[in-house]
2 protein chains.
Amino acid sequence: MLSGMPMRHQPDRTPDRVKDRPTWIVSRVFARSSALLAAAFEAHADGLRGYHYRLLAALEQWGAASQADLSRGTGIDRSDVTGGLTEMEGRGLVERRPDPEHKRRNIVTITEAGREALLRLDDIVDGVQAELLAPLSPAQRKQFIEMGRLVADRRA
Amino acid sequence: MLSGMPMRHQPDRTPDRVKDRPTWIVSRVFARSSALLAAAFEAHADGLRGYHYRLLAALEQWGAASQADLSRGTGIDRSDVTGGLTEMEGRGLVERRPDPEHKRRNIVTITEAGREALLRLDDIVDGVQAELLAPLSPAQRKQFIEMGRLVADRRA
DNA sequence: GACCAACATTGGTCCGGCCAACATTGGATG
DNA sequence: CATCCAATGTTGGCCGGACCAATGTTGGTC
C-alpha cells in the first residue's frame, strides 16, 4: 500500500514514483509517529496504550459518561471501550457503576489514580511530540500542524 | 493509540489533549490518505493493491530482479512478495522464471501488460494526491511535503 | 401487551506488517 | 572433498488495530 508500509524500511531504495508521492511521505511520517509512540508507551506506560489514554482523556474532560457516550465521543468502538475500561477498572483508574435510572447503562468515572495516570501519560505523549517534530524549526512546526489539520479535516 | 485511530471518526468530539497533538493530527492525515487510496484502488484498480503497485514500480525502474532483491528494495516482506507476485503472475502482469545460474533464485520481469497496469495505477494514485492536498495552496503543498520528508527521514 | 431502540458484552472478522520454519542450493572454509 | 553456513522461495502463522454481528437486557412507545 502507499499507505501501509513497513515500519523499519530504509528509504534508500524505494521506487521513485512511490517515494516522492505525498501519500507515501504521509505514511512514513505516520510510521515514525507510531513507532515513537509505541516505544514510549512500551517503555513507560506500564501496559497502557492509546485506547486507554483516549478514554481517560475523555473522562477527565467531559466527566462521568456511559460507555456508549464514550464510544461516540472518542470514536472507539463500543466493544473496544468495554475492553479498555475493564483493564483500567482492574487497575483502579476508573470506576463502573450501574446508572440508577437506567439499569442497562454503566456510569463510568475516572478515579484519582486515573487522573494521575493521565498526567503521566501526558508527559510520555508530550515527549513523543518533541521527538517527532525535532527536525523542524518552531515556525515550521506550527505550519506543519496547521497544514495537517487542513488536510485531515477536509470532509470526505 | 494516538496513532491508530478510527477511519470514520468525526473529530467533532475528541478530547482536547488528544486532538491538538501532532501525533494525532498525523494519524488523521494518514487515515484520510489511506481512505482515499483504498477507495480509489477499490473503484479502479481491479483488485490490485498497494503491494502490487510498489512491486510493479520496482520492476519497472530497476528491471528484472530476484524476489529477495524486490523484498529488500521495496521493504516488503519476502513472503508477501511471493504472494503479490503470484497474484500478478496469474494476471500476466509479471513473469517468474528460474535463474539459470542460481537455481534457487527466481528472476522476475514485468510484462507489457504489467507496464500498462502500472500506468493505470499511476493515474489512480495521482488522482489521490490531488485530492489529498486539495486544501493546500501550491506553495503550501511543497512545504508540507518537504517537512514531511524531514520528519519521516529522521533516522530512528 | 407488543414492539422497537439503546446498552453492554462476547466473540468474532479482516488486513497489514512481521516472523518462524522449511527445503533447496551455492559458496566458503577446513 | 566434506562440512558448515548463508541465501532463496514458500508455507503457515502471529499480532494489533479497526470493525462488525449476535445476544441478553432494559426502557420507552404505541
Side-chain angles (χ1 to χ4, degrees), chain A residues 1-10 27-28 30-35 37-39 41-42 47-55 65-87 89 94 96-108, chain B residues 1-10 24 27-28 30-35 37-38 41-42 47-55 65-87 89 94 96-108:
Chain A
M1 190 75 80
L2 272 188
S3 55
M5 37 80 57
M7 287 304 211
R8 307 173 180 166
H9 183 213
Q10 311 284 7
S27 78
R28 297 209 47 97
F30 173 73
R32 171 142 174 82
S33 172
S34 297
L37 282 167
F41 272 79
E42 169 74 25
L48 295 177
R49 290 158 304 154
Y51 272 176
H52 306 119
Y53 181 65
R54 286 161 65 192
L55 289 170
S66 74
Q67 299 186 191
D69 286 339
L70 285 173
S71 172
R72 282 184 288 265
T74 60
I76 300 174
D77 188 87
R78 287 216 306 281
S79 56
D80 299 325
V81 170
T82 296
L85 289 181
T86 301
E87 291 170 10
E89 198 179 24
V94 132
R96 257 198 281 221
R97 54 174 211 279
D99 185 328
E101 311 190 347
H102 289 272
K103 281 190 184 171
R104 72 192 166 197
R105 187 178 325 186
N106 283 340
I107 294 187
V108 184
Chain B
M1 191 71 85
L2 273 189
S3 55
M5 37 79 58
M7 287 302 211
R8 309 171 178 164
H9 183 213
Q10 310 284 7
W24 176 256
S27 78
R28 296 208 49 95
F30 173 73
R32 172 142 174 83
S33 172
S34 297
L37 282 168
F41 272 78
E42 169 74 25
L48 296 177
R49 289 160 303 155
Y51 272 176
H52 305 118
Y53 181 66
R54 285 161 65 192
L55 289 170
S66 74
Q67 298 186 192
D69 286 339
L70 285 173
S71 172
R72 282 184 288 267
T74 60
I76 300 174
D77 188 88
R78 288 215 308 279
S79 56
D80 299 325
V81 169
T82 296
L85 289 182
T86 301
E87 290 170 12
E89 198 178 25
V94 131
R96 256 198 283 222
R97 55 173 211 279
D99 185 329
E101 312 190 346
H102 290 272
K103 280 190 184 172
R104 72 191 167 200
R105 188 176 325 186
N106 283 339
I107 294 187
V108 184

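Rounding to whole angstrom units, CD of residue B:Glu101 and P of C:dT24 are separated by 22 Å. Note: CG (B:Leu48) to P (C:dC15) measures 15 Å, nearest angstrom. Atom pair B:Arg28:CZ and D:dG17:P shows a separation of 18 Å (rounding to whole Å applied). Distance, B:His52 NE2 to C:dG16 C1': 13 Å, rounded to whole Å. Distance OH (B:Tyr51) to P (C:dG16): 7 Å, rounded to an integer number of Å. Remark: P of C:dC15 and CD of B:Glu87 are 11 Å apart, rounded to the nearest angstrom.
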Exercise for review: Using a 4.0 Å cut-off on protein heavy atoms (strictly under), produce a 5'-to-3' string for nucleotides 5-12 of chain D with B for base contact, S for backbone-only sugar-phosphate contact, and - for none.
Suggested key: -BBBBBBB
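Distance alone, capped at 3.5 Å, places no donor-acceptor pair between the A:Arg96 side chain and the A:Glu89 backbone. A donor-acceptor pair is defined here as one N or O able to donate and one able to accept, closer than 3.5 Å; no such pair exists between the side chain of B:Asn106 and the backbone of B:Val108. The closest donor-acceptor contact from the side chain of B:Thr86 to the backbone of B:Thr82 lies under 3.5 Å.
Taking the six-membered ring where tryptophan is involved, the planes of A:Phe30 and B:Phe30 are essentially parallel, since the angle between them stays under 30° and well short of 60°.
Not a single side-chain hydrogen bond (donor to acceptor under 3.5 Å, both in side chains) links A:Asp99 to another residue, sequence neighbours left out. The side chain to side chain contact (heavy atoms under 4.5 Å, CB included) test applied to A:Ser66 returns A:Ala68, A:Asp69, A:Arg105, not counting sequence neighbours.
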